[in-house]
Student: 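One structure is given below, represented as structure tokens, and several questions about it will come after.
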Amino acid sequence: HYHREMMPILNSPWLDAFGPAPGYLNRGPGDDIPAFAPVASLKAHNKVYLFQADVRTHVEGGAAKRFGETDSVAESVNVLYREMGKYMTDGEIPYHWTFGKWYDDPAIYAAARNYERLMRLSGRFPRQSVAEVAEVLDPLSLSAGVQYRYGTEVAAAAKFFDFNRRLEWHRLGAPRDLWLLDDLLTSDRLAQYKVVVLHGVCALTTEQRRLVRERLCRDGRTIIWMYAPPIFAADGTKLAWSLENGKDAGFAFEEKRGDFTLLIKSGEQTLGWSQTGIYGGFGVPWNHENPKPHYAVRFQSRFSPLPADGVKVFGRYADDGSPAAAMRETKDCREVFWGSVMMEREVLARFAAHAGVHLYVDRPAVVYANGNFGCVHVKEAGPVKVSLPRTAEIVVDLVTEKTIAENASSFDVDLAAKSTLLFYFGDRAAYERESADVKAGLSARDAELERLRPQFAYEAVRTNLAAV
């Protein structure tokens with residue numbers, strides 16, 4: 001999704017599925033492995049998203065910590081259940097890899113036996129997204145950032161927008177969808193989103209500008225423009241630069257050229273660059289034993305929203321005090337400009353809460369959810385209050401199959417560090433009926449396989465190839 005040929009690929013009638021490798025940055029227990037593709041756009045084009053599930057476990061032995069290995073069997077099982085929560089709620093299809101004995105542990109095999117039951121059960125209920133936060137990428141805009149050398153690193157803007165999803169927003173406490181701009185602007189699902197984050201969308205066509213004003217900026221939605229306003233008028237791949245074009249973000253702007261960090265002072269806080277320590281990945285400085293934040297990359301251009309009636313500045317660039325973050329309320333929407341490529345989780349959470357986004361938990365946590373299933377994965381141990389989007393007749397722990405709550409719109413649980421809660425919420429009769437039917441089908445299938453076993457059973461022979 002970092003190049004401008006992504007849309008033609010999605011429009012191809014010859015492409016049925018898409019399955020890029022996931023990223024490796026901070027993918028261990030307590031964190032997440034976000035999909036490395038605009039899954040919402042893939043679904044809009046009726047494409048299947050294949051998730052490359054290459055989760056390393058404690059069995060790996062710590063040989064390559066950059067891949068996100070776990071340190072114990074409990075961590076391994078809970079990370080695998082976290083991934084199951086993703087597949088169950090988002091409709092992503094996993095294909096499992098192993099380059100060794102990653103799964104060679106009785107507890108992992110026991111968890112794996114639950115996978116088919118849970119996937120079949122989730123398929124008996126609607127799996128449409130209920131996310132109220134949309135993240136948006138525009139391939140042409142991201143390539144413009146490279147072409148015009150806005151950063152001192154190749155593809156810096158694209159790289160650090162993705163860092164938000166892996167270092168900060170993955171623990172927002174609510175599901176999020178990732179879209180390509182054109183697909184979201186024309187989607188019949190646009191009304192479900194209360195917050196739309198535009199990652200460096202700096203190049204818009206005339207038609208896109210019309211749709212932004214007529215479809216995006218309405219219904220009280222919060223629109224967050226990150227790093228750059230739409231200063232390029234796009235015609236195909238031809239770009240015409242003018243600061244006047246930036247007014248479609250709701251503000252007038254000035255641009256400064258030089259050598260800058262994008263740190264933002266808001267009150268007593270210094271924001272705009274994640275302070276999360278990095279403990280894995282490629283192409284970034286990382287240290288598993290002593291994680292440190294990524295150094296602040298310097299950019300050659302930055303933008304300031306100019307003072308005007310109705311414009312409230314709530315952040316300034318740390319080095320010279322010029323406006324860096326501002327908001328503007330209109331009768332149709334709330335427009336926000338954030339002058340950095342990175343935004344802390346707590347900043348996005350405040351905007352989400354103000355916009356009425358349903359936050360499922362009362363603390364930072366990885367959350368996946370749809371209309372009947374939820375997944376909460378935490379880093380720190382402690383009590384968690386889980387708030388449901390509606391009152392549910394029954395809430396069931398899907399691993400233990402025990403009832404957690406009845407006739408409840410929220411419930412409290414104590415979770416261990418780096419653990420996962422998978423749960424169903426909704427109608428009791430529907431759950432009991434579908435769960436029983438899934439189990440009966442699997443039982444019949446297993447009985448038939450057992451009957452056929454003598455035809456296919458064989459005695460495994462191990463050969464020491466080194467002695468051959």
Side-chain angles (χ1 to χ4, degrees), residues 1-23 25 34-50 133-151 153-166 169 176-187 189-190 193 196-212 215-216 223-241 245-246 248-249 283 299 301 303 338 341-343:
H1 57 261
Y2 287 163
H3 58 80
R4 58 193 178 203
E5 300 306 317
M6 187 68 184
M7 286 303 297
I9 290 172
L10 289 182
N11 286 321
S12 169
W14 311 110
L15 178 72
D16 298 314
F18 195 76
L25 186 74
F36 207 41
V39 176
S41 281
L42 286 162
K43 292 179 180 178
H45 288 268
N46 294 315
K47 312 296 185 186
V48 174
Y49 181 64
L50 300 174
V133 177
E135 303 168 15
V136 182
L137 295 172
D138 175 52
L140 180 59
S141 293
L142 292 179
S143 62
V146 176
Q147 180 179 349
Y148 284 84
R149 292 180 53 78
Y150 275 159
E153 297 183 1
V154 174
K159 172 180 173 180
F160 292 113
F161 290 139
D162 194 61
F163 272 29
N164 287 306
R165 306 178 65 237
R166 302 177 187 279
W169 300 354
R176 307 162 348 264
D177 284 341
L178 182 61
W179 286 86
L180 296 183
L181 178 64
D182 282 339
D183 292 327
L184 180 65
L185 290 178
T186 56
S187 173
R189 292 176 44 211
L190 180 57
Y193 299 107
V196 173
V197 186
L198 299 162
H199 291 265
V201 176
C202 61
L204 294 179
T205 65
T206 299
E207 177 63 8
Q208 287 172 329
R209 291 174 193 274
R210 182 186 70 81
L211 291 172
V212 165
R215 297 206 70 212
L216 203 58
I223 306 170
I224 303 174
W225 298 81
M226 287 189 65
Y227 177 62
I231 52 174
F232 294 107
D235 181 8
T237 58
K238 296 180 180 179
L239 304 176
W241 177 94
N245 294 329
D248 284 309
F299 283 70
S301 182
F303 300 88
W338 182 260
V341 294
M342 296 176 73
M343 175 186 283

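This chain uses plain numbering: 1 for the first residue, then up along the sequence. The model shown is predicted, which means the values in this text are computed figures rather than measured ones.
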Student: For Y227 and F161: C-alpha separation, side-chain torsions, deciding distance, then whether ring pair (Phe, Tyr, Trp, His ring centres under 6.0 Å) applies.
Tutor: CA-CA 10 Å; Y227 177 62; F161 290 139; 7.0 Å; no

Student: Looking at L140 and A234, what are the two nearest heavy atoms and their distance?
Tutor: CD2-CB, 3.7 Å

Student: For a 4.5 angstrom cut-off between non-hydrogen side-chain atoms, does F18 reach K47?
Tutor: no

Student: Under the side-chain hydrogen bond (donor to acceptor under 3.5 Å, both in side chains) test, which residues partner D177, sequence neighbours left out?
Tutor: S129, R189, Y193

Student: Would a 4.5 Å heavy-atom cut-off, applied to side chains only, mark D182 and Q208 as touching?
Tutor: yes

Student: For V133, is there any backbone N or O sitting under 3.5 Å from a side-chain donor or acceptor partner on R176?
Tutor: no

Student: Using the salt bridge (Lys or Arg N to Asp or Glu O under 4.0 Å) rule, collect all pairs that involve residues 228-238, keeping only residues at least two apart or in two chains.
Tutor: none

Student: Restricting to non-hydrogen atoms, name the atom on F303 and the atom on A228 that form the minimum distance, rounded to 0.1 Å.
Tutor: CE1-CB, 3.9 Å

Student: Using the salt bridge (charged side-chain N to carboxylate O under 4.0 Å, His left out) criterion, which residues pair with R209? Sequence neighbours excluded.
Tutor: D248

Student: Is the shortest side-chain heavy-atom distance between Y49 and P38 below 4.5 Å?
Tutor: no

Student: Could you state the interatomic distance from CG (L216) to CG (L211), rounded to the nearest 0.5 Å?
Tutor: 9.0 Å

Student: Between D138 and A203, what is the shortest heavy-atom contact and its length?
Tutor: OD2-O, 3.4 Å

Student: Check whether any side-chain N or O of N164 sits under 3.5 Å from a backbone N or O of V341 as a donor-acceptor pair, and report yes or no.
Tutor: yes

Student: Is the side chain of W338 donor-acceptor paired with the backbone N or O of M342 at a distance under 3.5 Å, no angle test?
Tutor: yes

Student: Give me the ring orientation class for H199 and W169: parallel if the planes are under 30° apart, tilted from 30 to 60°, perpendicular past 60°.
Tutor: tilted

Student: P230 and A249: which non-hydrogen atoms are nearest, and at how many Å?
Tutor: CD-CB, 3.7 Å

Student: Under the salt bridge (Lys or Arg N to Asp or Glu O under 4.0 Å) rule, what pairs show up with a residue in residues 37-46, not counting sequence neighbours?
Tutor: K43-D90

Student: What are the two closest non-hydrogen atoms of C202 and S141, and how far apart are they?
Tutor: N-OG, 3.1 Å

Student: Any chance you could measure I231, atom CD1, to L204, atom CG, to the nearest 0.5 Å?
Tutor: 10.5 Å

Student: Side chains of L185 and V136: closer than 4.5 Å at any heavy-atom pair?
Tutor: no

Student: Compare all side-chain heavy atoms of L190 with those of L184 and state whether any distance is below 4.5 angstrom.
Tutor: yes

Student: Can you confirm whether R165 sits close enough to D162 that some side-chain heavy atom of one is under 4.5 Å from a side-chain heavy atom of the other?
Tutor: yes

Student: Just to verify, what does D183 make a side-chain hydrogen bond (donor to acceptor under 3.5 Å, both in side chains) with, not counting sequence neighbours?
Tutor: S41, H45

Student: Taking only residues two or more places apart in sequence, or in another chain, which ones meet W225 in a ring pair (Phe, Tyr, Trp, His ring centres under 6.0 Å)?
Tutor: none

Student: Measure the shortest side-chain to side-chain distance between I223 and L198 over non-hydrogen atoms and say whether it is less than 4.5 angstrom.
Tutor: yes

Student: Would you say M343 and V197 make side-chain contact, with heavy atoms under 4.5 Å?
Tutor: no

